[in-house]
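Scroll down for the structure; my scribbles are underneath it.
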Amino acid sequence: MKVLHFTHTINKYDFIDNVIRHLDKSEFEPSVLTLTENATIADTEYLKEGIEHSVIEYRRRRDFFKVALKVRKYIKLQKIEIIHSHHFEPTLLACAATIFLPSVKLIIGRQYADEIYLLTSGLKRQILLLLEAIVNRRASLIIVPSKPVRDLLVDKQSVNSRKVVVAHYPLDPEKYAEIDFSRVFKLRSSILGDARADSVLIGTFSRLHWEKGHKYLLEAISLLCRSTDKFLCIIIGDGPEMGKIQADIEVLGIRDYVRLLGWRTDVPDLIAACDIVVHPSLHESFCQVMVEAMWQSKPFVVTNVPGPSDIIEDGISGLLVPLRNSERLADGILRLMENSELRQDMGEEAKRRIRNTLSLSATIPVYESAYRLVYYGPDSPQMTSTC
């Protein structure tokens with residue numbers, strides 16, 4: 001079964017890469033088509049593993065139809081049977097490329113939740129929802145990372161429930177085998193310094209964009225300062241909000257408690273160095289940093305958005321706090337700061353939860369069954385009960 005994964009770019013050990021590398025090669029022949037050659041973090045080295053990886057450059061939106069025709073030509077030349085697209089623009093391209101190709105089944109990977117409703121309004125929202133409706137009708141199947149995203153599609157956008165499959169992102173523990181804890185200790189020491197050696201290290205990891213909720217974390221830190229000075233918060237990432245975050249730090253008077261470390265490629269090490277990981281986002285269909293933190297047994301404090309709420313049991317394997325609520329966010333962080341045993345217990349339960357729900361053995365069969373479903377049809381004897 002020839003399955004083509006199509007997206008902007010893929011990094012080693014991200015969820016797309018984990019699906020591609022761990023499909024049963026006796027049944028599936030995965031290949032990769034990306035819109036840019038370079039990975040942003042780590043190269044997947046597919047050619048070394050015998051996985052075909054091709055690139056069709058897509059730099060300007062005015063080239064949409066030209067690129068769609070190139071994708072169509074590639075699909076026909078490679079005799080692709082299933083194209084699994086990821087993210088919005090690659091999905092639009094895949095939809096256009098497969099028109100009048102009835103033998104090619106289109107699977108959409110929907111990796112976002114309510115962003116269209118949160119980030120747009122008026123005519124722009126109407127256009128985006130219309131485009132979504134078109135591709136949703138065209139797709140043979142829509143794969144989503146969490147149940148709340150499925151509910152949004154079914155209840156709010158009237159997608160047939162039989163067309164939507166929940167498949168969590170698979171976790172490959174090999175990614176963490178390279179963590180050197182002597183290196184992590186040195187990293188932590190370099191961040192905290194001698195004066196803060198006994199402080200609690202808090203970390204947040206995301207693109208610096210208003211939708212990630214840094215504003216509320218900074219306000220929470222200003223509240224924490226009233227209770228304790230034994231902590232430091234590191235903010236990892238880059239983006240358009242960098243200047244505003246720097247300004248807010250000055251206005252709130254919390255310069256001594258926050259450190260901006262920018263874009264980093266050593267995120268697993270930085271997470272390992274933290275005592276608590278916080279994610280104050282305003283929306284998430286799934287949350288990669290949640291997986292990273294919980295797998296490393298870190299207590300995770302996150303806003304009650306769709307993706308994390310599907311994985312975390314509040315108070316047991318993490319803390320869920322209301323959106324845009326700095327006081328509750330501060331309360332959750334302080335609760336963990338003041339109780340090292342709770343941090344340890346919650347971290348251990350977090351890892352157990354991730355191991356049970358996101359392991360390769362738990363997730364990859366769901367993707368494989370989804371491919372069988374569109375390839376053979378729901379009534380075929382080849383189908384399993386997974387979907």
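Worth knowing before you read on, the calculation uses all heavy atoms, side chains too, and leaves out hydrogens, waters and symmetry mates. All residue numbers refer to positions in the sequence shown, counting from 1.
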Report yes if the side chains of [X] and [Y] come closer than 4.5 Å at any heavy-atom pair, otherwise no.
X	Y	value
I354	S359	no
Y74	L4	yes
F6	H86	no
K105	T98	no

If only side-chain N and O atoms count, and only distance matters, is there a donor-acceptor pair under 3.5 Å linking [Y] with [X]?
X	Y	result
Y375	E81	yes
S31	H5	no
Y112	E284	no
Y46	E52	no

[X] bridged to [Y] by N-O distance under 4.0 Å:
X	Y	result
D63	R60	yes
D275	R188	yes
D151	K147	yes
E292	K298	no
D43	K12	no
K215	E219	yes

[X] side-chain N/O to [Y] backbone N/O, donor-acceptor pair under 3.5 Å:
X	Y	answer
N325	R328	yes
D14	D17	yes
N11	A42	yes
E57	T36	no
R353	M294	no

Give the minimum heavy-atom separation between [X] and [Y], together with the two atoms involved.
X	Y	value
I236	G262	CG2-O, 3.5 Å
V135	I108	O-CD1, 3.3 Å
M346	S317	CG-C, 3.8 Å
W210	L282	CZ3-CD1, 3.6 Å
L106	C95	CD2-CA, 4.0 Å
H214	H209	ND1-O, 4.0 Å

Assign the ring pair H84 / Y371 to parallel, tilted or perpendicular, where the plane angle (0 to 90°) is split at 30° and 60°.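 Answer is perpendicular, since the angle exceeds 60°.
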Are V104 and L92 connected in a single hydrophobic cluster, I mean Ile/Leu/Val/Met/Phe/Trp/Tyr linked by side-chain heavy atoms less than 4.5 Å apart?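 Hydrophobic grouping puts L92 with V104.
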Applying a strict under-4.5 Å side-chain criterion to I, L, V, M, F, W and Y, I'd like to know whether F286 and F205 cluster together.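 Per the 4.5 Å side-chain linkage, F286 and F205 are co-clustered.
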From CA spacing to verdict: side chain to side chain contact (heavy atoms under 4.5 Å, CB included), I107, I143: CA-CA 7 Å; I107 294 179; I143 296 180; 3.7 Å; yes
Please identify which of these residues, I221, I249, L224, meets the side chain to side chain contact (heavy atoms under 4.5 Å, CB included) condition with Y257.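 Going through I221, I249, L224 one by one, the side chain to side chain contact (heavy atoms under 4.5 Å, CB included) with Y257 is satisfied by I221 alone.
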